[in-house]
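Sequence positions, counted from 1, serve as the residue numbers for this chain.
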Amino acid sequence: MLLALATITLLWSVVEDEDVVAVTALGAAISIAGVAWFWAKRGPSAQQTRFASVVSAVILGSLIGALSSLITVALMLFKDIRHAHPFPDYPPVLMQAMLERLPTWTIAGALIGLSCALLVELLGEFRNTKG
């Protein structure tokens, strides 16, 4: 997945495009893939309690949210440097606005992580009571 995202990033950086949605989606995808790769290497503990798994999901979600903003700005800067136009595709004001979203995206990622962990716990309880 990381190789596919690297290929998509290189193809995206060639195109003359000022769309914020595409770079934001790419930044979020790279963030999710990077954190998933890190978590897959580390792996959850077999003796991890329910509380610890929920806390881990919240931490990983907030990390994904924060990295999404930072990676998006890095991609914008990469494209601006690569193209070297007198008027950049992504002006510094736009990059600053993306960095201002970092706290909001961090909280959103934490809430998404919490909701996913609670959903997994709920589905586990549902399976245990049914079977």
Here the pair of heavy atoms bringing Leu102 nearest to Ala66 is CD1-O, 3.8 Å
Check the hydrophobic clustering (I, L, V, M, F, W, Y; side-chain heavy atoms under 4.5 Å; chains of links allowed) and say if Val120 and Leu118 are grouped together.
no
Which residues, ordered by chain and number, are linked to Val15 in its hydrophobic cluster, where ILVMFWY side chains connect at heavy-atom gaps below 4.5 Å, directly or through other members?
none
Output all residues satisfying side-chain contact (heavy atoms from CB on, under 4.5 Å) with Ser53, sequence neighbours left out; order by chain, then residue number.
Gln48, Glu121
Would Trp39 end up clustered with Leu114 when hydrophobic side chains under 4.5 Å apart are linked, directly or stepwise?
no
Which residues pass the side-chain contact (heavy atoms from CB on, under 4.5 Å) test with Thr49, sequence neighbours left out?
Phe51, Ala52
Would you kindly confirm whether Val21 and Leu77 end up in one hydrophobic cluster when ILVMFWY residues are joined by side chain heavy atoms under 4.5 Å apart?
no
Going by the rule side-chain contact (heavy atoms from CB on, under 4.5 Å), which residues pair with Leu111 if we only count those two or more places apart in sequence or in a different chain?
Ile107
Acceptor/donor pairs from residues 23-35 side chains to any protein atom, 3.5 angstrom cut, sequence neighbours excluded:
unit_1: Thr24; atom_1: OG1; unit_2: Val20; atom_2: O; d: 2.7
unit_1: Ser31; atom_1: OG; unit_2: Ile64; atom_2: O; d: 2.8

Quick one: side chain to side chain donor-acceptor pair (under 3.5 Å) pairs with a partner in residues 87-111, sequence neighbours left out?
His83-Asp89, Gln96-Glu100
I'd like a table of donor-acceptor pairs (distance under 3.5 Å, sequence neighbours excluded) in which one partner is a side-chain atom from residues 2-14, with atom names and distances.
unit_1: Thr7; atom_1: OG1; unit_2: Leu3; atom_2: O; d: 2.9
unit_1: Thr9; atom_1: OG1; unit_2: Leu5; atom_2: O; d: 2.7
unit_1: Ser13; atom_1: OG; unit_2: Thr9; atom_2: O; d: 3.4
unit_1: Ser13; atom_1: OG; unit_2: Leu10; atom_2: O; d: 2.8
unit_1: Ser13; atom_1: OG; unit_2: Arg82; atom_2: NH1; d: 2.4

Tell me, please, which residues at least two apart from Ala117 pass side-chain contact (heavy atoms from CB on, under 4.5 Å).
Val54, Ala57
Please say yes or no: joined through hydrophobic side-chain contacts below 4.5 Å, possibly via intermediate residues, are Met1 and Ile71 part of one cluster?
yes
What pair of heavy atoms forms the shortest contact from Glu16 to Lys79, and how long is it?
C-NZ, 4.5 Å
Closest non-hydrogen atoms of Ser68 and Thr72, given as atom of the first, atom of the second and distance, are O-OG1, 2.6 Å
Nearest 0.5 Å please: distance from the CG atom of Leu70 over to the CE atom of Met98.
11.0 Å
